[in-house]
Number of protein chains: 2
Amino acid sequence: MNPKFYALPQEKQRAILNAGFHVFSQNTYKKSPMSEIAEAAGISKALLFHYFQNKKELYLFLWDTCAKITVEEMTRSGVYEQTDLFGSMDSGMQAKLRLIRQYPDISTFAVRAFYEKDPEVSADIQKSMGQYLNAHAAKKLEKLDSEDFIPGIDLQMMYREMYWATEGCLWEYIQRGIMDVNAMEKDFRALLDFWKKVYLRKEREDL
Amino acid sequence: MNPKFYALPQEKQRAILNAGFHVFSQNTYKKSPMSEIAEAAGISKALLFHYFQNKKELYLFLWDTCAKITVEEMTRSGVYEQTDLFGSMDSGMQAKLRLIRQYPDISTFAVRAFYEKDPEVSADIQKSMGQYLNAHAAKKLEKLDSEDFIPGIDLQMMYREMYWATEGCLWEYIQRGIMDVNAMEKDFRALLDFWKKVYLRKEREDL
DNA sequence: AATAGTATTGACCGATACGGTTAATGGAGG
DNA sequence: CCTCCATTAACCGTATCGGTCAATACTATT
C-alpha cells in the first residue's frame, strides 16, 4: 500500500474504504471489479492502482483496516470495561452504530471476507483472523449473577437469544440496503428495554 | 421456459434449481454467469439454454418457483391453520427446515432477488411480489390472548423479538455456508422452549 | 442393422469486462 | 517558466460473457 493514501483528506480516504467495502460486500472477490470500486469512490481506476499495487493488496488492506477500526471503536465506547450485562450490550451497540454510521457496509464486508473461499485471498484472511474471535462471550457469561435474573432462567440461552435477535434485526436493515442508523438505534433500544423488563428479577417483581 | 424441463427426473430438476439458487445468491444478477450455473448443475451450458431461452427467463422462473415451493411447504405443514402462537411458530419452522433441506440456498436467493436492483429484472420481481408479503403477522398478533402471557409484557415487541432471533440464528448458518439442518432444528427448538418458559404465564407460575 | 427422433454437447461468435500499465494532462508552488 | 506530483484517458492482452449451432450420443422402433 502506498503511504500517500494516508496523506489524503479523511473524507477521501473514507470514500475509498467505503467504496471497497460496498463492492466487495455485494459480490465474490473475483467478481468485484476494481473499476467499480474506483467509480464508487469518485476517482479513476488508475489512481486506485496508484494507491494499491493490485486488487489483492486492496482487499487485504480493507480487511485489516476493518479489524483495526472495529477494535478502536469498541475500546472507545468502553465495551471491555463494562461489567453489567445490559450495560455492555448497550455500549457494544453504540460502538456498532457509530461504525455503521461511518462505514455502512463494513459489517457485510467483514462477514463476506471471513467466509471468502477464493484461494487468492482466503488463506491470508484466515491467518490474520485467529485472534479476533470472541472468547469474550464466555467470560461475560461467567460473571453473571443469577440472582439478578428471574428464577429458573437459562442464562446461556438468554445470551444466545439476545445475540441472535440483535443480529437478526441488523440483518433486516442490511438486506434492505438502507442503513437508517437512527431507526436502528430505536429498534436496538426497544430490544434492550424489553429484555430488561422480561429477564431482570427486580423489574418483574414490580408488576 | 421449455416444458421439457418438467419431464426431467426430479433430482435433475432439483439440481438445476439449486444450482441457480446458489449462483444467483452469491452474486448480483449481472455477475452470475449461466456457465457457472450449468456447471454447478452438472449439465452443459447449451443444455441449460435449451431449457431456458435466456438468463432473464431462468432468473424469473427461479423466482416464481421459489414462491410456489414456499407456499406449498407452508400449507403442507399447516402453518395457516394453527391458532396457538408457539404452535404456528413451530410448524412454520418445520416448513422452513424442510425447504432448506431440499433447497439449501433458497432463502438467500429469495432475499437477494427481492432486493435486486438490476433494471433487467427488478421490475418483474417487484410486480409479482405484492401479494406475498405478510399481513399475516398482524392477524396473528390480534388473536393473542394477553392472559396467556406474563403480565405487563409488550406482545408486539415479543413477536418482533422472536422473529429477529430466528432470523439471526438462521443467518448465522447461512453465513457459515454449511446448512446443517439438524443443528438448526436443535437451535430453533431450544429457542421455542426458552420462550415458552419465559413468556408464558402458566410456565412462570410453576417456578 | 438401419432409421428416425431426441437429448446433449463442444466449439464457436461477437461483444464486453477484466486487471494492470503508461504516457500524457493538469495544477500548485517556487 | 519550470518542477513536481496528483490524476487521468487511453490502451493492452486476456478472459469471460450471453447466446447459437452443427455435430454427436443415445434410445426406441422397425
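We name chains A, B, ... by the order of the sequence lines, and we start the count at 1 in each one. Everything numeric in this text was worked out from a predicted model, so none of it was measured.
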Report task. Could you name each residue pair satisfying salt bridge (Lys or Arg N to Asp or Glu O under 4.0 Å) that touches residues 40-51 of chain B, not counting sequence neighbours? Result -> none

Requested in this report: Can you sort out which residues in residues 34-52 of chain B have a heavy atom within less than 4.0 Å of DNA chain D? Ascending by number, please.
Outcome: B/Met34, B/Ser35, B/Lys45, B/Ala46, B/Phe49

Report task. Report the end-to-end axis angle of the helix from C/dA1-D/dT30 to C/dG30-D/dC1; each axis comes from five terminal pairs, and the value is rounded to 10°. Result -> 0°

Report task. Kindly write out the residues that satisfy salt bridge (Lys or Arg N to Asp or Glu O under 4.0 Å) with B/Glu73, not counting sequence neighbours, or none if the list is empty. Result -> B/Arg76, B/Arg98

Query raised in the report: Salt bridge check: are B/Asp154 and A/Lys197 linked by an N-O gap of less than 4.0 Å?
Result: no

Query - Point-to-point distance, once rounded to the nearest 0.5 Å, from OH of B/Tyr173 to CZ of B/Arg176 - result: 6.5 Å

Query raised in the report: Taking only residues at least two apart or on different chains, which pairs with a member in residues 19-41 of chain A satisfy salt bridge (Lys or Arg N to Asp or Glu O under 4.0 Å)?
Result: A/Lys31-B/Glu36, A/Glu36-B/Lys31

Query raised in the report: Could you give the distance from CD1 (A/Ile100) to CE (A/Met184), rounded to the nearest 0.5 Å?
Result: 4.0 Å

Query - Bounds of contact between DNA chain C and chain B, in 5' to 3' order, using a heavy-atom cut-off under 4.0 Å - result: C/dA7 to C/dC18

Query raised in the report: With under 30° as parallel and over 60° as perpendicular, where do the rings of A/Trp63 and A/Phe114 fit, or are they tilted in between?
Result: parallel

Query raised in the report: Partners of A/Arg112 by salt bridge (Lys or Arg N to Asp or Glu O under 4.0 Å), sequence neighbours excluded?
Result: none

Report task. Assess the side chains of B/Glu120 and B/Tyr29: does a donor N or O sit below 3.5 Å from an acceptor N or O? Result -> yes

Query raised in the report: Residues in salt bridge (Lys or Arg N to Asp or Glu O under 4.0 Å) with A/Asp90, at least two apart?
Result: A/Arg189

Query - salt bridge (Lys or Arg N to Asp or Glu O under 4.0 Å) pairs, two or more places apart, involving residues 7-22 of chain A - result: none

Query raised in the report: Taking the side chain as C-beta and beyond, is there a heavy-atom pair between A/Phe24 and A/Lys55 under 4.5 Å?
Result: yes

Query raised in the report: Are there more than 12 heavy atoms of other residues, nucleotides or ligands under 6.0 Å from atom CD of B/Glu72?
Result: yes

Query raised in the report: For B/Lys56, which residues count as a salt bridge (Lys or Arg N to Asp or Glu O under 4.0 Å) partner, sequence neighbours excluded?
Result: B/Asp124

Query raised in the report: Got a sec? Which of residues 2-15 of chain B come in under 4.0 Å of DNA chain D, heavy atoms?
Result: none

Query raised in the report: If only atom types and distance count, is the side chain of A/Asp105 paired as donor or acceptor with the main-chain N or O of A/Thr108 below 3.5 Å?
Result: no

Query raised in the report: When you measure from every atom of DNA chain C, which of residues 20-30 of chain B have a heavy atom less than 4.0 Å away?
Result: none

